[in-house]
Q: 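Sharing a structure below in structure tokens format, with a few things to ask.
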Amino acid sequence: MAKAASATLQGDLLSVEPYRDASGRRTPGRTFLLEVKDAASSSMLLASLSMLDRLLVEKMTTVRERQMAEVVDFMAERMLVPSGVELDMARRLATRHARVLNEFGHFTAEQLADANGSQAGNRSALADNWRKRRQVFTVPHPDKTARERDVYPAFQFEAHKPIKAVHEVLEAFGAHKAGWKLALWFTSNNGGLPGSARPVDLLGTNPQAVVAAAKRDAEESAA
């Protein structure tokens, strides 16, 4: 067992030695010398060292207990069995996600680069640039065993290039909708459109109505 750092008073100097390992060898460290004014100050300093040692132990114990509580909470959260209602909601949502990708298809960043003849060494650069400018959006691919990356729902593109109205919709919603929420908004019937159409079905024929519906829905969500 390692020995604690020692503190010894020699004349008017207090020598604080580094730790030693179980065999008595010094561990890497430094020796610090503190000049003490008089015997009374020395006594006060020596008394303070034991108090500081106790406070340090208490602080370390508190930190360890807090970390342990966080680990327990993390594990317990994942061990909770979801209710039947939650499982049913999850199944329904997963079905809707899969239906969007199955109906409209999707592109990877590399596929978009190839379709547009991009010569960039980084095959994701073109699509990433569109995404950062909020011209298009991505969704996580639901099949994590098949791919561990985001994909671009294909309805955002015409001839593999971003549709202008999509950018205006994304600007209207700002950061209020994540990728899948945006995808479901585009592919769900909307009462603010003629015949309660899906926005995705009017992107080519009536993009102004789609953008107006997005602005209206964004305002209602923020209210």
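Nothing fancy with the numbering, it's 1 onward along the sequence.
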Q: With Arg198, which residues qualify under salt bridge (charged side-chain N to carboxylate O under 4.0 Å, His left out), at least two apart?
A: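 For Arg198 the salt bridge (charged side-chain N to carboxylate O under 4.0 Å, His left out) partners, ignoring immediate neighbours, are Glu103, Asp201.
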
Q: Is the shortest heavy-atom distance from the side chain of Gln111 to the side chain of His106 under 4.5 Å?
A: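 No; the side chains remain at least 4.5 Å from each other.
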
Q: Do Phe107 and Val151 come within less than 4.5 Å of each other through their side chains, counting heavy atoms only?
A: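 No - every pair of side-chain heavy atoms lies 4.5 Å or more apart.
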
Q: Look at Asp150 together with Arg131 and state whether they make a salt bridge at an N to O cut-off of under 4.0 Å.
A: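 Salt bridge between Asp150 and Arg131, a charged N being under 4.0 Å from a carboxylate O: no.
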
Q: Side chains of His97 and Leu184: does their closest heavy-atom pair fall under 4.5 Å?
A: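 They are in side-chain contact.
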
Q: Under a single-linkage definition using a 4.5 Å side-chain heavy-atom cutoff for Ile, Leu, Val, Met, Phe, Trp and Tyr, are Ile163 and Val210 assigned to the same hydrophobic cluster?
A: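 Shared cluster, yes.
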
Q: Go through the steps for Glu158 and Lys164 under the test salt bridge (Lys or Arg N to Asp or Glu O under 4.0 Å), then give the verdict.
A: CA-CA 10 Å; Glu158 183 175 355; Lys164 182 180 178 182; over 6 Å; no

Q: Which pair of heavy atoms, one from Ala213 and one from Leu193, lies closest together, and at what distance?
A: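 Looks like CB-CD2, 3.8 Å.
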
Q: So, Asn122 side chain and Ser124 main chain: donor-acceptor pair closer than 3.5 Å or not?
A: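 Yes; judged by distance alone, with no hydrogens or angles, the pair exists.
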
Q: Measuring only between side-chain heavy atoms, which start at C-beta, is Arg92 closer than 4.5 Å to Asp88?
A: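 Arg92 reaches Asp88 side chain to side chain.
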
Q: Please confirm whether the backbone N or O of Trp185 pairs with a side-chain atom of Asn190, one donor and one acceptor, at under 3.5 Å?
A: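 Not a single qualifying donor-acceptor pair exists.
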
Q: In the structure I gave you, are the side-chain heavy atoms of Phe186 and Val169 within less than 4.5 Å of one another anywhere?
A: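 The answer is yes; the side chains approach within 4.5 Å.
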
Q: Can you confirm whether more than 12 heavy atoms, excluding those of Glu171, are under 6.0 Å from its CD atom?
A: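 Check passes, neighbour count above 12.
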
Q: Of all the heavy-atom pairs spanning His141 and Leu101, show the shortest one and how long it is.
A: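 Of all heavy-atom pairs spanning His141 and Leu101, the closest is CD2-CD1, 4.4 Å.
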
Q: Under 4.5 Å between any side-chain heavy atoms of Asn206 and Gln208, yes or no?
A: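 Yes. Closest side-chain heavy atoms under 4.5 Å.
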
Q: Describe, in one word, how the ring planes of Trp130 and Phe157 are oriented to each other, choosing from parallel (under 30°), tilted (30 to 60°) and perpendicular (over 60°).
A: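 Aromatic pair Trp130/Phe157 classed tilted.
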
Q: Step by step, work out the side-chain hydrogen bond (donor to acceptor under 3.5 Å, both in side chains) result for Arg96 and Ser188.
A: CA-CA 10 Å; Arg96 294 181 69 189; Ser188 299; 3.0 Å; yes

Q: Tell me, yes or no, whether the heavy-atom count around Arg216 atom CZ, taken from other residues, nucleotides or ligands under 6.0 Å, exceeds 12.
A: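 Atom CZ in Arg216 is packed in, count exceeds 12.
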
